[in-house]
Each structure stands twice: as structure tokens, then as C-alpha cells.
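Scroll down for the structure; my scribbles are underneath it.
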Number of protein chains: 4
Amino acid sequence: MLDGGWVSAAAAVYMMHADCRRVQPECVSEVHSINCGHSNNRMSETRRVTLGQHWRLSGRHILSGDKHVEAFEQKVRASFARQQFMTTLGAEMASVGRGAVEIRLPFSLELTQQDQFVHAGAITSILDSACGYAALSVAPAKAEVLSVEFKVNLLSPAVGDVFVARAMVKRSGKTLCVCTADAFAVKGKEEKLIATMLATIIHLTPK
Amino acid sequence: MLDGGWVSAAAAVYMMHADCRRVQPECVSEVHSINCGHSNNRMSETRRVTLGQHWRLSGRHILSGDKHVEAFEQKVRASFARQQFMTTLGAEMASVGRGAVEIRLPFSLELTQQDQFVHAGAITSILDSACGYAALSVAPAKAEVLSVEFKVNLLSPAVGDVFVARAMVKRSGKTLCVCTADAFAVKGKEEKLIATMLATIIHLTPK
Amino acid sequence: MLDGGWVSAAAAVYMMHADCRRVQPECVSEVHSINCGHSNNRMSETRRVTLGQHWRLSGRHILSGDKHVEAFEQKVRASFARQQFMTTLGAEMASVGRGAVEIRLPFSLELTQQDQFVHAGAITSILDSACGYAALSVAPAKAEVLSVEFKVNLLSPAVGDVFVARAMVKRSGKTLCVCTADAFAVKGKEEKLIATMLATIIHLTPK
Amino acid sequence: MLDGGWVSAAAAVYMMHADCRRVQPECVSEVHSINCGHSNNRMSETRRVTLGQHWRLSGRHILSGDKHVEAFEQKVRASFARQQFMTTLGAEMASVGRGAVEIRLPFSLELTQQDQFVHAGAITSILDSACGYAALSVAPAKAEVLSVEFKVNLLSPAVGDVFVARAMVKRSGKTLCVCTADAFAVKGKEEKLIATMLATIIHLTPK
């Protein structure tokens, strides 16, 4: 389990602080340490949670009437709610961490290509939104984001009940933010990696 | 007018043979000469047509009950018709040449992101389908195509009445086909370049 | 001759003004019209030149002791001369137009990979420098450029006597500039397309 | 420590079996489980090693006259030794695991661009070779590899004493292999992420 590793680490970072319903400053700095390349991973295994747990828990989190949602999460969720295309696709914002966002998309025939796999464009759409919102979650309070460019590798046909896009900030600079995202097809309890994105997002600050 | 150059050349190649309703062998070899990098461009200016003309003419062409549609075009249009996601978006196959495909997508609020621009994912979807079908149009008769990967640069906000994706085969090999595509926003008689794609498509031949 | 089309158009734009040894303002605006997507290509065929001609002529141009070199060209050539890595590779700046740059790299065994083709990294290096300098040639006088990201498709093995990278500005915005570039292997009088790049460059202005 | 996570996991997988000087079958399957997206990461923290350790250990490993080098590693190292361009750059193969390769490149003025940072092309070259050899390390015994395409994001100026490219197989299919790689600048004991690559490699099997 290599590639999934950082995702589950992200989940862990996010979940460690689930009790207090806040993302603590130390958590944030840990998330940002993705940039440094050092291996000072001291999280114990017991704190690790599976992605499935993360996803379900954060799902409940959204519905729980929680008053302590962070400003960055409110901003991300408000913007996502204005993306009519996400509604058209049937996509939902599953979880929002500092620098880590997850969007899910249930299968529908209306999303398919000629072989009844979900169209690469639909998968790319949730990957792109996930990257954009991961970038927004670490942006200054008044900044907006815009996708500059992205590359997607399609790794397996998009066959499944639900598709999940998980994006992470790889490096956040003054102007540009680079994110990676993976898309998984979920079938029962199985998740399969079907696509991966490397994206550049620009922070736009109103003058 | 540089970048549009090759597109209008493609339109010209396609239109030159519009009378006889066939893409002649010499046309095909000319299209394939994109790979060789030589400058044997002997098309006279009088044969050149604007992209707008191309698009309108080829639009009429589709509706004209023409019996002489080439096999590759039939194959491409039949496959496109099975892409339910294109119907969901409201996209139409505007023209199919050998190695050159155009898809158009009328604006709809249902396609928009948070600023009411059309979502990058929707524009990417028609760029991806256009590249895939450009690759299919030069593939062996029994081959199918699948997108391996693509990169999109978003150059301007997608604001317009109609969006047009124009894809061209850049190099077609035994297994892999590389295509480029541009997306334009059309507003009245104006076209504006809004995105560009560089894509790798694989030819799959059933055994 | 499709893809080469815009390159030869670029050559033509550049060469049209070769007599007066200046890139005229109308030329510049024509180069910039790459962004608009319109098909107002009114250059007559007689003004077109082959890429080979372009390359040879501009080669002479460099050596001719010409006094009328534009400021943007001086800036580009001065920066290129400071790129020690280009010297290490043996690469030369062949021509510099407004928004269009050509770098050539003679074959050397020292550049090869395991099959004695030139290494993709060496080809990418001249493509990257060509894109960067194409972006620099249209940047404000005091601005510098930095590559943000690029994608390269390797289309054919790099076998030849000389390798040529030709870059063009696709869209130049306030902060970011998107360029495309093609690499060709030259063998005698033959040129073969071997690679293509789509790149994002950032304009940095000192405060 | 998020992004580095999978790299250190790779190091751990590789190092766990360092005693017996073999990559065990179970190790290999673990490396391949990068594709599945599940979080069955059961490696204890005590088995984790830092990247620095990994690198130093594997460095020693190379020099130790070890007789038990796996066939895939021999194949990778033999091919790397034939890449004259790597010698020209001064690059060394630091470690070869199943699906995980590390190449290091000491700083030299001869590799620099106009600001005396190492040229993006030089960094891309070691990233590309690292991805290619990661793909080769999981390929069938007689297969060769060729880069199809890659995208690089340049995240920070390449300033340091040594540059390290670490590549991992993300997904290996019948024909195509997708790899990710990160490049780090090493300065004393500090490592800084400076670039990231997403690459597609093709497996070529002689008939």
C-alpha cells in the first residue's frame, strides 16, 4: 500500500482532530510539510484510519449540524454549492480538510461514454474541482482560485457504483498551487484506482 | 493568425473534397504529412475557407441526407451517438474529417462553475471526445480507441454562446495516437481561444 | 502539411520583414492574433517560406553583424548565452522572433540513452528553453520568465544529425504565458517531427 | 509528512528485506498494491526508515560487492550504464527497488540556466530516467521501455548540492506503465521538493 499511503495519512491528520471539530494549527503545519520531503512521520498506526472510515465519518460530520466548521471549509463548501455543473453530474463534496478535499460521484448512465464506462470528462471534472478546492482550502481568506492547467492519466475503465476524487496540495506558493488527485471506483467495499491528476491552480486576490 | 493556421488548413483539406463527398487518398496523405514536418504546403489561398465557414458547411452536410458518408465518419458518429455524457452536456458532433473532428457545446447554466463560466470539466469533456474521435477517424477499421492521458491548459474563462472543440491528429503510430485540440468560445461572429489539449490515445484492436 | 502550418506561418511572418531587419508592429500583432482563433490568414503563398529556408536565413542573420537587432532579441540571446547547460549540450539559439524561437542541437554520442537515440531529457531541455525564450520575447522589458510546468510527448526516436526545437507563444496573459513547441530531427534535407511540448511559463517582474 | 509518505513506505518495503538481500514475492505484491487504493498499510513504524537512511543504505548496498542482486536490478543498472547522457550530466543510479528507483545528480555549474539554478531540463532528465527504470524494474524479463510522455511541475528553484529523483510505479498495465516521481534538492541534511513528474512509459517486447 504505497500510493494510498499519503491519502490515508491525510485522512489520519484530518481525523486525529475530529473530536475537537477543528483542524489544529499543528495539523495544518503537518499538512504543509508535504512540501519538505522529510520523513518525520511520527503518527502511530493506531491513529491511522482507513479511507473508507474517513469518508463515512466526514460524511456524518457534514450532516451533524456542527457549529464549529472552519472558515476555509465554509468557503469551500459555499463555492462548491454554486458549481451547477457538479449538481448536473450528481457530485457531492464528501470532505474538506486543510489542503485535502474529497468529492464523490455516484454512477449514472447519463455520465457514460460509448462502452458505458463513466466518461473521462466526468471523472476529470470531479478531479479538477477537488484540486481547485484543495488549493482554495489553503489560500488566503479573500483569495479565489482558478485552474491553470492539469494532466490526467486514465488508469482503468471507470466502472463502479461511486467514484471518489481525492485531492491534496503538493506545494502552495504565493501565486501558484500544485495539487495531485487520485480517482477511485468504489464497488461494494472495494476501491480501485482509475485515474490520477497533476494540476496547477492560481490564487487570485481581489485588489 | 498562426495557431489557427493548421486548423484552417485542416478545414481546407476537408472542404477541398466536399464536392465529391469523399476524402481522397491524396487528402489523407496530406493530413498524415502533419508528422513529417515538411513545408510542402501548396494549397492556394482560394481553397482556404474560414473555420466559421467550415463549421457551418459541415453542419449542413450532416443534415443533408447525404448518402456518401465515409466509413470512418459513420463509425465516429455512431460511437459519438452512444456517448450518453455528450447528450447530457448537450454536445453535438459538428464535423468529422480524416484526422480532424469538431464538437460543439451550447452554453447552459447547468454546465457552469461558481462564477457562471462553463466548468473546465465540461470543456475538457468535449476536447477529450474530439481527440478520441480524431484518433478513431484514422484508426484501422476494427480498432477502438481509449484515452490514455491528456493535459489541458485553460487560457481564458469559458464565456460564450457556444463552445467549439477542434481536434487534430498530430501523430498516429501503430499503438498510440497523439492529438492536439483547441477549444473556442463563440460569441456572435467572434471566436476566442479558451483552452488547448495535448492528448495520447491508444488504438485497441480486438483479437 | 497541417501541423507544420503554423510554424511555417511563423517563419513567414518573421521572414516577411527580413529585409528591413525589424519585426514590424503589424507583424507583432499578427503573431499575437494566435490567441483570437480567427481565420483571417491573408498571407499569400508567395510569401511563405519553408522552415528550412527560415532556419538557414535566420542562421545567417545571426552571423551577419546586423546592427538592427531588436531589444527583445538582444535580451533573449543574452540570457541564452548565460545558460551554461545549453553550452554543455552544444545547443545554439538559431532564431528569435517575437513570440517564436528556434534552438538547434547537433547530435553527439554524449547526449544518448541506452539505444543511442538522443535522450528525451536533452530534447526536452531545448524544447523548454525554446518555450521560455518565446515567452520572454513577448514579456515586458524588465520581466524575467520561469517555467511553471510542461508536458512533452515523444513521438519518434531522436535519430538525426541535428535536432531543432521551435517554440511559439500560444497565449500570453498578464502573469502566465502558454507556449507550444515541436522538436524535429534533421537528417540531410529531411525533417521529422520527434516530440511536442505544451508549456506554462510565468512572467516575473522585479518590484 | 504526507507526500513523502509513499516514498518512505517504498523505502521501508525495500529495506525490510535488505537483510536477505532479495525483494521477496510478498514485497513485490505489496509494491503493486499501490494500484488498489486500499488502506491495508500494516507496516509498523519501527520498520520505517527515513529516506536519507534508505538512500545511504542502498548506496552502500551498491558498493558492497553483493552477489545477490536481483535480475531486474542488474537489467536496470546495465541499461543505465549505457545512457551516456547520464554520464554527461554526472548522474548516478542510487538505488533500484521493484517499482522504485532513485537517481542522484551532484550540482555542477555546467548544468545551470541563466540564474545559476540547475536547468529544468537537467532535472527533468533524471526524473525521466528514474520513471523509465522504475517501469523497467516491473516489466517482463525481455521487455524494454520507452517514454511516451511526461509532465513536470517545477516547484522551487533547483538550488542545492545534490539533486535526487525518486520514481515509483503508480500503475503497471499490459502495455503502459504510469509512474510518478519527485525531485529534491539536498543541502546538508535538508531535502526540499523542487519538481514532480507524472509519466507514461510503454513496455516494448521483442517478437
Side-chain angles (χ1 to χ4, degrees), chain A residues 75-76 78-91 103 105 108-133 136 144-158 165 195-202 204, chain B residues 75-76 78-91 103 105 108-133 136 144-158 165 195-202 204:
Chain A
K75 185 178 166 191
V76 165
S79 178
F80 184 83
R82 289 199 309 275
Q83 289 208 332
Q84 295 195 42
F85 188 50
M86 288 296 119
T87 309
T88 303
L89 295 178
I103 295 177
L105 174 67
S108 153
L109 270 177
E110 295 181 1
L111 303 176
T112 56
Q113 36 85 289
Q114 70 279 1
D115 301 313
Q116 304 213 335
F117 307 147
V118 169
H119 195 283
I123 298 299
T124 299
S125 299
I126 57 168
L127 284 167
D128 173 44
S129 279
C131 284
Y133 287 124
L136 188 61
E144 296 297 325
V145 292
L146 221 54
S147 296
V148 170
E149 61 81 40
F150 48 73
K151 174 199 196 306
V152 178
N153 267 79
L154 304 157
L155 304 173
S156 285
T196 191
M197 177 179 276
L198 178 55
T200 311
I201 291 105
I202 193 164
L204 301 172
Chain B
K75 185 178 165 190
V76 164
S79 178
F80 183 84
R82 289 199 309 274
Q83 288 207 333
Q84 293 194 44
F85 188 49
M86 288 295 120
T87 308
T88 303
L89 296 176
I103 295 175
L105 174 67
S108 155
L109 271 176
E110 295 181 0
L111 303 176
T112 56
Q113 38 83 287
Q114 71 279 4
D115 301 311
Q116 301 213 337
F117 306 147
V118 169
H119 196 284
I123 299 299
T124 299
S125 298
I126 58 170
L127 284 166
D128 172 43
S129 279
C131 284
Y133 287 124
L136 188 61
E144 297 297 325
V145 292
L146 221 53
S147 296
V148 170
E149 60 81 39
F150 49 73
K151 175 199 195 303
V152 178
N153 268 78
L154 305 156
L155 304 173
S156 286
T196 192
M197 177 179 276
L198 178 54
T200 310
I201 291 106
I202 193 165
L204 300 172

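Values in this document were obtained by computation on a predicted structure and should not be read as measured data. Protein chains get the first letters and strands the later ones, always in sequence-line order, with residue 1 at the start of each.
Crowding of A/E110 atom CD: a count of heavy atoms from other residues, nucleotides or ligands under 6.0 Å not exceeding 12.
Contact count against chain B (heavy-atom pairs under 4.5 Å) is highest for A/V148 among A/V148, A/D128, A/L127. Your options are B/M197, B/E144, B/M86, B/K151, and the one with the most heavy-atom pairs under 4.5 Å with chain A is B/K151. If you tally non-hydrogen atom pairs under 4.5 Å between each of A/T124, A/V118, A/T88, A/T112 and chain B, the highest count goes to A/T112.
The shortest distance between side-chain heavy atoms of B/L154 and A/F150 falls below 4.5 Å. Residues A/Q116 and B/R82 are not in side-chain contact: their nearest non-hydrogen atoms beyond the backbone lie 4.5 Å or more apart.
In this structure, A/Q113 and B/L146 approach most closely via the heavy-atom pair NE2-CD1, 4.4 Å.
Just one of B/S147, B/S129, B/S125 meets the side chain to side chain donor-acceptor pair (under 3.5 Å) condition when paired with A/H119; it is B/S129.
Side chain to side chain, B/Q114 and A/Q83 meet the donor-acceptor criterion of an N or O pair below 3.5 Å.
Of the atoms belonging to A/L89, it is side-chain heavy atoms, and not backbone ones, that fall under 4.5 Å from chain B.
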